[in-house]
Amino acid sequence: MLTIASATNTLIRDISGLTALPGGVKFPNGAGAFHYEESGNLLSVTSNRFIHWSTSGDTVQLVEQSLDTNLLNNAVRLRFTHCTVLPGGVYIQETLNNVIILICTNQSVHRLVLPHPTRMYRSELVTELHMQSIFTDVGKLSLQDPSHSAIIPSLVGHTGGPTTSTAWLSHRGEAHYTLASPAGGIVVVTLPPHDTQGSISLLELKRSSMMQRLSGWMPTALRGEHGPADLALSLAARELEEDSFIFALCHDHKLRMWSFREQACLLEADMLDYMPACKGVKRLSGQGHRLRLAFSSTTGLCLCVYLAVPGRGQFTVLQLVATDNSHYSLEHISSLFTTQETLVDFALTTTDIWGLWVDDSNTTVIKYINFEHNSAGQWNQVFVQPPPEEEVHIGVDQDPRETYLEVLFSPLHFSASALVKALQIYRRGSERITDLAWENLKKEVTVAVESELQSSVTEFEFSQEEYRQLQVEFWSKFHACCLQYQEALSTPVGLTVSQHTSMVCLLRKGFISFLLPCFAVDHLYLSYDEYLSSEEETPITEDLEGGRDVLQLVQCLRMVSDAVSGEMAYVMEKALQHLESPENAAELILENMLSNNNDNVIEDIQNKLQDIRNPMAAMIVLLRELDLETDSDITGEGPIAPGQSLNTRINLSQLYGSSSAVSVVCQAVCHMAMTRALFCRDLLILQKLYLRFGDNVFLGGGAQLLQLQQDLIPRCSHLLSSYHVLKHISQSLASSVPIDIIDANLQHLTVLELSDSPALSTNRSVLSPQTVVELFYQTVARKIIVSYIYNQQQSGSLLLWPHLVSSVVQLLAQLLWPSNSGFQFPECLMANCQYTQLQEYVRLIGPWCQVNIGSCRFMLGQCYLANGEGQKALQCFQEAATEVEKEEFLMRLTGTEDDEAASTPRLQYYNKVLRLLEDVGLPELVIQLTSLALTEAANDISSQAALWTRIFKHHLDLGHNSEAYEALTQNPDSSMQLDCLRQLVVVLCERSQLQDLVQFPYINLHDEVVSIIESRARGLDLLAHNYYELLYAFHINRHNYRKAGTVMFEFGMRLGREVRTRLGLQKQVNCYLAALNCLRLIRPEYAWIVQPASGAVYERPGASPKRNSDGEFSSEPVKRQIDILELKDLEKEYILSRSRLTLAQHHLPSAAIAGSATAEEMVTLLVQTGLFDSALSLCQTFRLNLSPVFEGLAFKCVKLQFGGEDTQNEAWIWLAANQLSSVINTKESSATDEAWRLLASYLDKYLSPNGQHHRCVINKLLSHSVPLPDWLVKSYKAMDAASLLRLYLNFDLLEAAAELVLEYVDALLGRGHQYFGIERPLSATSSLVWLPYTSIDQLLQALSETQTNSIIFNKVRDKLEDYHKLVDKTTRLRLIAR
């Protein structure tokens, strides 16, 4: 059964001036179909394409269907107000460019001209799955156009309208409408061709055959009256050669043939002549008489007349034979009888009659017969799908709501429109229900019924049983409502048979049903008892005796089937669903039958069994027919029909690909599974009955019983389980999948290197719920099946429905059959994320299916993974490993492995699963499975190395550092071990888990660790990573202090070069301090390190050689001299770095240049910044001259002396950075005073043997013309008065020089000698004294050259004379003393 889409366009045709006819006749609903001429040609765009219509009152609904592609906008509903569509009032014919639809109502005729499908598409190759229907632009047609419609004039003296009609299109394109006048006679209305101008004509056919052209629709001549006996009950027309013939089956049971060209009745035949025992029939009205035509080029034109006689209707087949002079006669071919009561419709082909009846119980009955070769008059039975069961069996362990929902929303029971209408009525039509998704409709139904139940409840407390009864009551009420609507929609209204494809369709009120050929074994089980008892042979066996036995056995099965109650049927269903033994369930059912044997059914069966000569052989024949297991591998690898034309390949790729065909094929599989499941159930019960009867019904005795028990019963049980699975999956709906899950699944399939995941339709219409079998057929199976059929049969381009669809259904069932080796169905479910359905499928076949066991376990593992149950998934993957080398799917899974490391298939399988688990993100499971895989790789070193590396990686990711280290040590490949070690170091550093990293023992890996950390330290940013500290800690932890010191010294060196910031300088100070500490911890003779080469490039082991800017390999580096650094050298570096830090702390911009400054440069920088303490300390450490420090301080004093307030304020900053002597000052001092005091304190503290520091200070002051402070002069006089004199002379300070000479001479003479550092003045007993005569001479010379200094000159000269006198005297006294 296939539900068609509801009409998308509704056109209301309102013809002005028309009113409803008084006492208008109501005609029954009608239906029909038109099949394109090329519908049986694979290469045509109209392959498997047809249009069907239904009429009801004033409405015509047209639907275009295709079995190959989905047609868009394929339905239209036409409504003709105040009119009624006549029986036979729709006729469709195709021309080269158009499809023309002719419609005839009781008051008007209409023509729709639509484009032919071959003219609708730009290219002959149509590759899309969706195509536009010919009805797409029907809304653009002007139905008011007078050239395409006409009003039928009312005939003078006649009341009422026409009662039946037919139409045809002439070869010139004229549209002819034949109408049966209510008072007898035939009227033909003709519209001119649609593409030419012309007038509308009307012709009335009667025996005098006069044609009147009407002007303005007014007759110009009176028409003769026709008797009521001439009233046409059924009309048909056919164009033959140059003429058109109209056939009328009339009220008087006569068939008349009119020539349209001759306007004459050429033939009249009384149909009662062909009816035996026709007495009394003449008086019958013949209201149910029907007429059909069939034409073929070989047999010519055949007519079939159905005479409606109560209790014995008759079909008479006649052939039109042309004689000379345009005379015609009818040749009787066959008369066929039927006892069915009410004929709804029938169809005539060139060989068969197909009849559609409704019996007394309103059941649809379809039969067909070959009218040429059927001497017995035996009609062939068509098994029509029964309506849904009125009673729903609910088990004690079942929830009523769930059970009813399962029944209501099973894809086979109710159409969506029936559910929607029932829901609207149940809601009392409160709101319109739009096109919902199937799941949403389910929710709406649940809410409606439950709301109704809740609103009816008046009490607050219920027992569980009472509530259950209420649920059953309300759900059964809704179910009954659905049954009514389903029955109404299922009302048969027509039958169509395609002469091009032999496809038969039953046209119902609400949908269309396709008729499929019945397989032989199903045919036996479904046939009427009369057929079984009348047949002598069966197509399933050639042996005549065996055939009789099979027929007898099937009759017994029918008796068993009738005896099984609904409750017992549920017992078997439940046993199969719960994986209990079908054999035990059959025993239970048999016990029930024996205990309730009221009608002596068991005795009847026993009697029948005794007539079977060889029951074992009959059972074996039936079981063989039922078994779908096949040795041939049905695969569709590669392209369809390779080597054929592109058009052939494209059309094959679309064959039976539309949603209609998908639904038909998959429902056929479902019906087959349901039928055969019942067959197997009944056969199993019968076999159990055989065992119980034993020798009473067996001629062969014990051996046959043993064969039955050990072979046939298990086989039957296995088949029953298999068909139950097929039935289950055929009714299991596919789930819509969110896009993120599809993406994740696609990623997993990529990891497994399997096929891509096709995107699912996320918003499926309410009208087409998709089962998983439909999904499988659509995405995978159809291509395989079509390719297989084409390769096997090479049937060309002719599409014969019965043959093709049987093959497709059989092959699809074989692809789904669990015991066949193909594994495409579970693979498709996995690819489309149908995890729940896949899990259920594996559960159902698990206990008994011995094929693809490992593959099923793998699929189940996939389901568990998708549901987040990792441990269960791992267990399944492990169980699947044992079958890797036996099953095609698992071999394909492992066969694409590229890793050379995987030596065995099982190891390749483990690698695939490990990748999958890694992709999902389950490291714990990866570790578990890898540990298992290691046992498989016992003799494979490379695989072991890869697996240990995997274990290491995931332990490390999980933070299991000790386990990661353990895995690293187990790795047999030194290269991979080194990689892991490098990763361990990097990751633990990034995580700051340095304690673990340092404390691992690293047996036989010590040098490698050091090398890795060193290369990382030397290759990465110093401040972003702490590899030097790590290496320092590593060496300290192993008491290797010299190495630790070397590391920190190298760190400090690099910081000075590369990190020119205050932070870098701070780190450098700390590094040198740490290095100092390390060397102080070891004995002095070993307290040295090798100085790291400045700016060296450290080569990592295994690194590729480097090229220079010209692209050449660099030459070997020059061997550098090794420098040994001792403790004192490190101390110097430490002091220097500390001074750099001090400078950066007080003057941040200096940090950029201080990092690499030498000691001399640092002194200058420190002096500039005012850090004189640090500068002096640095000078002393590196034994540098202190003069630059004193000069710098002197200059700052000069600047302060003459600077403003800002200079004073700034000076306090650098003054505070130097340690001033703690002299208590009672008065407030300025910055200048403090600066001079600092200078004085330095001069006192850092004495020089010859007053060098004083000299440089005085020199600086005098160079800036600054008066010398008294304390400085006084201090320097005591040190070196001569030098002071020379400084005065150098700067032309003659007065100060003269004053100094006078004071100096006085000191020598004994007055103030202590101020000049002279212990004793000049005397005969004192030590020798001296005067700087050269400087004094220079002074005297300078004084004598100017008149202004004459007084000073005289004073100095006089003083010197006094001195010389005393020297002379003293000298003499000393000489005397000697």
Side-chain angles (χ1 to χ4, degrees), residues 1187 1190-1191 1194 1239-1240 1243-1244 1247-1378:
S1187 297
F1190 284 99
E1191 285 181 1
L1239 179 58
L1243 288 170
D1244 291 342
L1247 297 173
S1248 56
N1250 53 3
Q1252 177 189 351
H1253 302 154
H1254 285 72
R1255 185 166 57 250
C1256 72
V1257 169
I1258 292 169
N1259 188 58
K1260 194 71 172 175
L1261 294 175
L1262 292 178
S1263 67
H1264 286 83
S1265 305
V1266 177
L1268 299 179
D1270 292 341
W1271 60 267
L1272 182 59
V1273 174
K1274 183 180 176 182
S1275 163
Y1276 195 33
K1277 277 195 302 187
M1279 281 187 187
D1280 191 355
S1283 290
L1284 181 60
L1285 176 60
R1286 283 192 291 275
L1287 285 169
Y1288 280 154
L1289 290 173
N1290 288 343
F1291 288 96
D1292 287 336
L1293 299 174
L1294 299 180
E1295 290 182 13
E1299 186 69 30
L1300 178 63
V1301 169
L1302 292 172
E1303 287 179 4
Y1304 190 47
V1305 171
D1306 284 342
L1308 289 175
L1309 295 176
R1311 291 189 293 275
H1313 62 85
Q1314 68 274 13
Y1315 297 118
F1316 284 89
I1318 301 171
E1319 294 180 5
R1320 294 172 64 192
L1322 179 64
S1323 67
T1325 57
S1326 65
S1327 58
L1328 297 178
V1329 294
W1330 62 277
L1331 272 178
Y1333 285 110
T1334 305
S1335 299
I1336 292 171
D1337 288 344
Q1338 290 173 352
L1339 174 64
L1340 290 172
Q1341 178 65 30
L1343 289 171
S1344 66
E1345 290 175 355
T1346 59
Q1347 292 293 324
T1348 54
N1349 295 325
S1350 59
I1351 300 170
I1352 301 173
F1353 174 78
N1354 292 329
K1355 278 185 181 181
V1356 172
R1357 193 182 57 187
D1358 294 344
K1359 183 64 71 175
L1360 284 172
E1361 286 177 358
D1362 292 343
Y1363 174 69
H1364 288 144
K1365 289 176 182 176
L1366 183 58
V1367 169
D1368 185 54
K1369 182 181 175 181
T1370 306
T1371 304
R1372 288 176 181 177
L1373 288 174
R1374 180 166 285 200
L1375 289 172
I1376 292 170
R1378 284 183 181 174

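For the atom pair OH of Tyr1333 and CG of Leu1340, the computed distance is 11.5 Å after rounding to the nearest 0.5 Å. Interatomic distance, Phe1291 CZ to Leu1261 CG, rounded to the nearest 0.5 Å: 9.5 Å. In this structure, Tyr1304 OH and Tyr1363 OH are separated by 8.0 Å, a value rounded to the nearest 0.5 Å. Atom OG of residue Ser1263 and atom CG of residue Leu1287 lie 10.5 Å apart, to the nearest 0.5 angstrom. To the nearest 0.5 angstrom, Asp1280 atom CG is 12.0 Å from Gln1252 atom CD. Of the inter-residue distances, the one linking Leu1343 atom CG with Gln1341 atom CD reads 9.5 Å to the nearest 0.5 angstrom.
In terms of heavy atoms, Pro1332 sits closest to Leu1285 at CG-CD2, 3.9 Å. The shortest heavy-atom contact between Val1356 and Leu1302 is CA-CD2, 3.9 Å. Closest approach of Leu1289 and Ser1335 over heavy atoms only: CD1-O, 3.4 Å. Nearest heavy atom pair, residue Ala1281 against residue Phe1316, reads CB-CD2, 3.7 Å. The two residues Val1257 and Ala1194 make their nearest non-hydrogen contact at CG1-CB, 4.0 Å.
With respect to Tyr1288, the side chain to side chain contact (heavy atoms under 4.5 Å, CB included) criterion is satisfied by exactly one of Leu1294, Leu1268, Leu1339, Ile1258: Leu1268. Screening Lys1274, Lys1355, Lys1277, Lys1359 for a salt bridge (charged side-chain N to carboxylate O under 4.0 Å, His left out) with Glu1303, the sole residue that qualifies is Lys1277.
For the pair Leu1284 and Arg1255, the minimum side-chain heavy-atom distance is 4.5 Å or more.
The neighbour count for Ile1351 CD1, taken as heavy atoms of other residues, nucleotides or ligands under 6.0 Å away, does not exceed 12. Atom CG of Asp1244 is surrounded by more than 12 heavy atoms from other residues, nucleotides or ligands within 6.0 Å. Heavy-atom neighbours of Arg1357 CZ from other residues, nucleotides or ligands within 6.0 Å: above the threshold of 12.
A donor-acceptor contact closer than 3.5 angstrom links the side chains of His1254 and Ser1275. Between the side chains of Thr1371 and Arg1374, no donor N or O sits under 3.5 Å from an acceptor N or O.
Checking side-chain atoms of Asn1354 against main-chain N and O of Ser1350 turns up a donor-acceptor pair under 3.5 Å.
The side chain to side chain contact (heavy atoms under 4.5 Å, CB included) check on Thr1334 picks up Gln1338, with sequence neighbours excluded.
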| Evaluation steps, side-chain contact (heavy atoms from CB on, under 4.5 Å), between Val1301 and Leu1331 | CA-CA 9 Å; Val1301 169; Leu1331 272 178; 5.9 Å; no
| side-chain contact (heavy atoms from CB on, under 4.5 Å) between Leu1247 and Met1279, worked out | CA-CA 10 Å; Leu1247 297 173; Met1279 281 187 187; 4.1 Å; yes
| Audit row: Leu1272, Leu1243, side-chain contact (heavy atoms from CB on, under 4.5 Å) steps and yes/no | CA-CA 9 Å; Leu1272 182 59; Leu1243 288 170; 3.8 Å; yes
